[in-house]
Structures are given as C-alpha cells and as structure tokens.
Protein chains: 2
Amino acid sequence: MTVPADFFKSAFTVDNVIFGFDDGDLKVLLIQRAEDPFLDYWGLPGYFVNADEGLKEAAYRVLEEMTGLTDVYLEQIKTFGKTGRHPMGRVITVAYLSLIKVDDYLLKVKNNAVAQKAEWFSISDIDDLAFDHKEILDTCLDTLRRRVQQKPVGFELLPPKFTLTELQHLYEAILDTELDKRNFRKKILSMNLLIDLDQYQENVAHRPAKLYSFDKARYQEFLSDGYSFDLSENKRKSRTLQY
Amino acid sequence: MTVPADFFKSAFTVDNVIFGFDDGDLKVLLIQRAEDPFLDYWGLPGYFVNADEGLKEAAYRVLEEMTGLTDVYLEQIKTFGKTGRHPMGRVITVAYLSLIKVDDYLLKVKNNAVAQKAEWFSISDIDDLAFDHKEILDTCLDTLRRRVQQKPVGFELLPPKFTLTELQHLYEAILDTELDKRNFRKKILSMNLLIDLDQYQENVAHRPAKLYSFDKARYQEFLSDGYSFDLSENKRKSRTLQY
DNA sequence: ACTTTTAGTGTGGATATTACACGAATCGCT
DNA sequence: AGCGATTCGTGTAATATCCACACTAAAAGT
C-alpha cells in the first residue's frame, strides 16, 4: 500500500441545502450557474473549499458569496464522493443543511461568484439540477423530515410572532401530512417552548388568533438535553419500541 | 470568486471506526501505524482514497487491507476537515462506522499496509490516538449510542444463539446504564425480532437460559419501516414530545 | 439435601396518545 | 343591526405505553 500517485490531486467542495418556509410552502435555495460545467443550470449554492479553511468555514463563506446569506446555522449532513460526479475530475462534496425563514433574508449574489442569480424554489417544482445535486437535495430532505420529529426546528421558519395555526401548517408542509388541531396544541404548549405574547392578529376576517413567539433559552435546553420529539399520529401499531 | 490556486492539490482519506462486542465489553479496532507521520502510534484503520474509486468503496478496501475484515456493513458518519488535522497538508477524512461481533472475524494485516498490527481495544482504555482520531472515535461513539435506541443494531454483536440476559448486557454495555430485566424482556419479545430456538444453555451452574436467534427478515422490515426504538427508563419528565 | 447462582415471570399506577365536535370572535355585507 | 362566512380555541374518554417492583424455578457443586 503506497501513497497513491494522484495524492494531492483532488478537490473538495461544499454544497449548501438551504430550506425555507414561505407562503405555506417548503422551498429550497438554488443558484443559476455562471460558469462551466453546467453553465446556466440551476444547482445548490456550493463551491471549492480553500486549502486554508475548515469545511464549515468554507460552507459559510461560499453560501454568503453565492446568495448573500449570513447568520444561518449550517449542519453537516453527508459527503458525496462517487467517481464521475464532477466532469472536471475527482471532486468530493460535503453537504450542509439549513432551515431559515425566507422573509428574513435578502438574496444578493456577489459579483465575482459563480452564480448568475439565486432564487427560492418550491421543493415540488424541482426535477433536474446540475451535477448530482438532486440526489443531494433528496438526501437532505429526508434528513430534514426525520430531524423535525426530534428537534423543534420548525420554529426557525416562522416570523417572530406567529399563531399556532401557522406553526401547525408549517409542520404539515414539512411532513406532508395532516395533524389534529387539539392534539397539536396540547403537545406544543406542554413543551413550554412558546411565549404567549397576549397579542392578537388584526384585520383578519374572522376571529383573531393569539400570537406567540419562540422561547430561545428554553430551546437551547431542549437541544442540549437530548429530548426526543415525535410527530406521530402514527401509522404503525407499536410505535415507541425499546431495545 | 475563482478556482483556488491549490485546486486539485488536496487529499482525502477514509477512517473506519469498527466497534465490536466481546466479553461484555464494547471495543474498537485500532491499528498501529508503520509509517510517518505518527509512526508507532495507534489510530483508526484509514488511508487515502484513490482517484478512481468511490468513498464507500475506498472504506471497504482500506479496511480489508489494514485489518483483514470483509463483509462488514459500513455507514458514513461524518467528515472531518479542520485545517491542520494532518501534518502532510490539507487532508479531509470521511469517517465510517461499523458494529461487528469480535469472534466472527480474524484480524489479518496485509503485508503492504501502513499498519504493523491490528488489535481490539476496550473503549475505556483509549486516551490518545494518531491525528484527530480520538475526536473521530468519540463522535462515532455518540452516534452509536443514539443509533442503538433507534434501530436494533445490537444483534450484530452477539453470537448466532444467545440468551436474553446476554442481549441485555450488550445494551447495558453500549449505553453504560442498567436496565430492568422484566421490562427489557417484555419489550424485546414484543418486537418479534427474536426466534425462540427451544434450546437451552448447557453445563452452567445454574438454571440454564433459553437460547434465541435473531430474525433477519423481520429486522429488514424494521429498518425499512422507519420504526422508532427507544431505550429509555427515562430521566426526564416528558419523554416523547410532538412537534 | 442444601447452597449458590442465574432464569423467568405479572401487576398496578402513572403517563401519553389518539379520536372527536361545537361555541366564540371578527369581518363584511345588506 | 343582523346575518353569513370564516377561523379560533377548547375537553374528555378510551386505549396504549411506561415503569417500578419481588418471588419461584432449575441446574451444578458440595
């Protein structure tokens, strides 16, 4: 076993899968490529990792250069390294995932970036992307759906003040399912993650809903405590199994 | 944004974290290095990915060359890419995890491998390893402990015929906790993952225990069905939360 | 036959999960 | 002012799950 001849002759990239919630719809942020290969194709915002930066660092830098987003939390999901996934040679890519609320961020492509523009796309409208980005997106979507049942991630996707119905719709959109209103409220309120603002919607043509905000301190506790969420209303007989 | 000057001047490796269960103890498979850097240090069995092979493929190949193990199931866990983690330059490594039963495998280091020898170490005896392998190991151990509560992975670690007490000890070793015998048995049997062999231990100085084996077909169902396991006997008040 | 050791078994109280329906509050229209 | 349309907000009861807890059974060795 020797050092391969092509040692130090490979490249790695990061690709960011940024999910957003807007208008009752789960979206993902794509860029249109400004260079070959896949010129003009849409793909995930991703680019090469520099030699002097860490992976996560690179993911944040690339995301900002290509879409203008800063201050999003990125989480490493999986690394894709099939041969032939990049026409320029052996390129391995590390996929990062984030969940943000669309309204909070203004998209802005830097001049020197490899992107012509950045836009949000509804998940259901996406069929083909540059490279193997569709596969990466699908993997991240699976992860998101599993994740959402274990951590209260959904909150990141709503405005600072929201109604319980909005929160429920969010979960229904991500999980592509329907939930029972009363049970949803019971659960969510019992978690003490919400702050009751004692304010109400205005100018709605129906009984106005109470507004809530999200208790960030309490959220931190949840994450560190390894709490287990569970969306359920479950299909199967024996749901929570041990061992 | 341009292609970095050091494009195609990086290297990647795979590192395998192979957990084994033996003698009531959770172990991990390490190799002693036969080359610099970290000559003579113990570390994870890992090496460079060739340009013409996929990541997973590389992980299997490297594992076999360094330890002789074949036919283990490897799962990608995380990619480590801090700058400075490898003294030779920018090297990114993808960590793979596996769980096997020690007795089933004979360790055999190939002549040309970068390893002098391969040995099993108890988790608790490991303090320092080559590179950042201790950090990689710790990350994989966390993943294993979480994993074990979601999938019945533990079965891989026992001989073909085992007693319920052995299975319980396995879980106790992995999770570093004690479990209630009656509740454990109720749960595990209700999952229908075990086949009652109608055989008993022999030559033990006490009442002999029934022997079971593991129903592989049923196990497959579990995996594909996205069942949720849960080890519990739980510390916290509200265990299973929704939303 | 007695000791030692591990195997094997059931119940009840507390909590969590699910299914399910109707009055309340606002707006806009007449 | 009254009515219709719309969404908000709330409780209960049946079922399933979770967990704590203690004694008898079977074999080997003396």
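Everything numeric in this text was worked out from a predicted model, so none of it was measured.
Side chain of Q76(A) to backbone of K78(B): no donor-acceptor contact under 3.5 angstrom is found. When atom types are taken as modelled, the side chain of R218(A) and the backbone of M191(A) share a donor-acceptor pair closer than 3.5 angstrom. Of the possible donor and acceptor atoms, none in the side chain of S98(B) sits under 3.5 Å from a partner among the backbone N and O of I18(B). A donor-acceptor contact shorter than 3.5 Å is absent between the side chain of Q32(A) and the backbone of K117(A). Not a single donor-acceptor pair under 3.5 Å links the side chain of Y96(B) to the backbone N or O of Y60(B).
Here the nucleotide nearest the side chain of N183(B), chosen from dC20(C), dG8(C), dA20(D), is dA20(D).
Five base pairs at each end of the helix from dA1(C)-dT30(D) to dT30(C)-dA1(D) define two local axes, and these are offset by 10° (rounded to 10°).
The distance between atom CG of L167(A) and atom P of dG9(D), rounded to the nearest whole Å, is 13 Å. Atom OH in Y200(B) sits about 10 Å away from atom C1' in dA7(C), given to the nearest Å. The nearest whole Å value for the distance from the CZ atom in R185(B) to the P atom in dC19(D) is 18 Å. Atom-to-atom, CD of E178(B) to P of dC19(D) comes out at 16 Å; the value is rounded to the nearest Å.
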Under 3.5 Å, N/O pairs linking protein and nucleotides 26-29 of chain D:
from, atom 1, to, atom 2, distance (Å)
dA26(D), N3, R207(B), N, 3.0

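Annotation: the span from F184(A) atom CZ to L164(A) atom CG amounts to 7.0 Å, rounded to 0.5 Å. Here H169(B) contributes atom NE2 and F162(B) contributes atom CZ; the two are 14.0 Å apart, rounded to the nearest 0.5 Å.
Residue T165(B) places no side-chain N or O under 4.0 Å from the OP1 or OP2 atom of dT6(C).
The base of dG8(C) has none of its N or O atoms less than 3.5 Å from a complementary donor or acceptor on the side chain of K210(B). Judged by distance alone with a 3.5 Å cut-off, a donor-acceptor contact links the side chain of R182(B) to the base of dA22(D). At a cut-off of 3.5 angstrom, counting only N and O atoms as typed in the model, there is a donor on one side and an acceptor on the other between the side-chain of K186(A) and the base of dT12(D).
Ion pairing between E135(B) and R85(B) fails under the 4.0 Å rule for side-chain N and carboxylate O.
Contact check for E119(B) versus I31(B): no side-chain heavy atoms found under the 4.5 Å cut-off.
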